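Here the structure is laid out as structure tokens; the discussion comes afterwards.
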Amino acid sequence: MENSYGQKNKKNFSRDSIIGLGEDSFRKNYYPELQNKIQDLEKINARNKAIISTIPDILLVSNPYGSLSPVTAASRNDDYILKHFLSNSEIMETLSSAALKVRMGQSVYIKELKLEIDGQSYYYEARFHQSESNEILIMLRNMTERIIMEHRLRDLVERDNLTNLYNRRCFEETMNKYNGKEIEKITAVSIDLNGLKFINDTLGHLAGDRIIIDTANIIREVFEDYGHISRIGGDEFGVILENVGEEQVEKLLNTLSLKIEQYNFTAPNGNMSVAYGYSHHTIGLINMEYLFQVADNNMYQNKLLKKESTRGTFVKTLMKALEAKDYVSEGHVVRMEKLAVLIGEALFLHQDQMDRLILLTKFHDIGKIGIPDSILKKPEKLTEDEWKVMMTHTSIGERIALESLEIKDIAPLIFHHHERWDGTGYPSGLSKEDIPIECRILAVVDSFDAMTNDRPYHKAMHEAEAAKEIIACSGIFYDPKIVDIFYGIAKELNLI
């Protein structure tokens, strides 16, 4: 019975019967139309595949939950890159996050991506668009060639061709960016390569270019992590440091000096010499042009102390002239400079102050050029009128310095180098901290050297006796703090 029933009800399942188009179906009449629709869909599908295959992009799709899957890759190379995209968790997270943003309302969204593969950088632009089926289509377009070309063009505009540092135009744009703004801790540094003309004239311009490149590399090595570096002239470099304290700036400049010394020690023909100066702004509105001008002035001041520079030649020439006139002895200057530097270092003076101090030891008495020899070399005590003439050497020295581009920055120090701690000095009667620190140091070392060496008006004293005289006048003629430092240094040097 069951078998008979099963045979009776057995049906042949054909394609037509499965889709409900059997002989008894009233939908049989629509079969040709459905077949046409299927064929149209197949054509559309083939056409879409052809279109997708011609698109030079990688296509991904994101489902409503942010899960990404590839649609196609444009080439074997893109297929290789696609694998790196899919295996890069950071990039995939970025894409998923961007897809969710589009789903939340942004109809079109563009994101730039950078992919590193075996040390090579690839740049892609990701475009996100939401489809009607609630999926997010992601198109990854390879922008590597374009980005690299943009970088090259930007470098041509912003970079110096020889050193690959930023050029002067870029340096000025950077200064303008900060100009007139409220800024804390910003520093301008001016660096100049000494003796470049001499190198070019004697060894040739290729050697000059080599020393410029090596100098730039050292400057880059020291400052690159801290700020903006530019080559602003043939032998000139500018650095802008933001959020760097003044103490750190001094350390960086010391590091620069040490690296140049190492270069000169190891290089076959090591002859690199630089002069530098800086200006530090602590807080408030900033005038970058003024800041860099101060740094530049300090650099030229430092350049005077470099024997390789033409300005250093000026210093040597003038010193020889003073020695020839017997207004100053070379030994006197060397001794004073040594003591002054040690005291300055103990006081942690900034580099620009140290440069001024050294120049002051050399040129503080330059005004004596205008004092008659009859007064200057008189072995007896000066009369009151003669003393008045002698005291004018500070103002004469100031005028000479102001007329000289090389030493004009120390003109005020030359003018005040005979002031006393208690205010009884000349020419202005300044007292205590109103006297420039460089002048207070010079007062101690100059007095000590004068007392311990023969002069026209007295014989040399013993060092210990001279030191007692200075200690006795501490707080009267001399800054007590400087006297204490001097005494400690003098003992270390076995001067007393």
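Both backbone and side-chain heavy atoms feed into the values below; hydrogens, waters and symmetry mates do not. Count residues from 1 along the sequence. Note that the structure is a prediction, hence the values are computed from the model and not measured.
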**Message:** Would you say that Arg159 contacts Cys170 through its side chain, given a criterion of any heavy-atom pair below 4.5 Å between the two side chains?
**Reply:**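 Not in contact.
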Between [X] and [Y], does any side-chain N to carboxylate O distance fall below 4.0 Å?
X      : Y      : result
Asp192 : Lys303 : yes
Lys114 : Glu116 : yes
Glu242 : Lys185 : no
Glu337 : Lys362 : yes
Glu173 : Arg169 : yes

**Request:** Could you grab the distance from atom CE of Met354 to atom CZ of Phe348, nearest 0.5 Å is fine?
**Result:** 11.5 Å
**Complete:** Separation between CD1 (Ile414) and CG (Leu359), nearest 0.5 Å, reads 9.0 Å
Using modelled atom types and a 3.5 Å cut-off, is there a donor and acceptor pairing between side-chain atoms of [X] and backbone atoms of [Y]?
X      : Y      : answer
Thr144 : Tyr123 : yes
Glu250 : Gln351 : yes
Glu125 : Arg141 : no
Asn302 : Tyr276 : yes
Asn264 : Met272 : yes
His416 : Pro436 : no
Arg231 : Gly233 : yes

**Request:** Report, as yes or no, whether the 6.0 Å neighbourhood of atom CD on Glu246 holds more than 12 heavy atoms from other residues, nucleotides or ligands.
**Result:** yes
**Asked** Under 6.0 Å from the CD atom of Glu184, do we count more than 12 heavy atoms belonging to anything else shown?
**Response** no
**Residue list, salt bridge (charged side-chain N to carboxylate O under 4.0 Å, His left out) with Asp214, at least two apart or on another chain** =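 So Asp214 forms a salt bridge (charged side-chain N to carboxylate O under 4.0 Å, His left out) with Arg210.
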**Request:** Report the C-alpha distance between Phe237 and Phe171 in whole Å, list the side-chain angles of each, state the deciding distance to 0.1 Å, and finish with yes or no for ring-ring contact (aromatic ring centres under 6.0 Å, His included).
**Result:** CA-CA 10 Å; Phe237 302 86; Phe171 185 75; over 10 Å; no
**Result of checking Leu285, Asn287, Leu291 against Asn179 for side-chain contact (heavy atoms from CB on, under 4.5 Å)** =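 Exactly one candidate clears the test, Asn287.
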**Fill in**
Between Asn217 and Arg220 the two heavy atoms that sit nearest each other are OD1-NH1, 2.7 Å
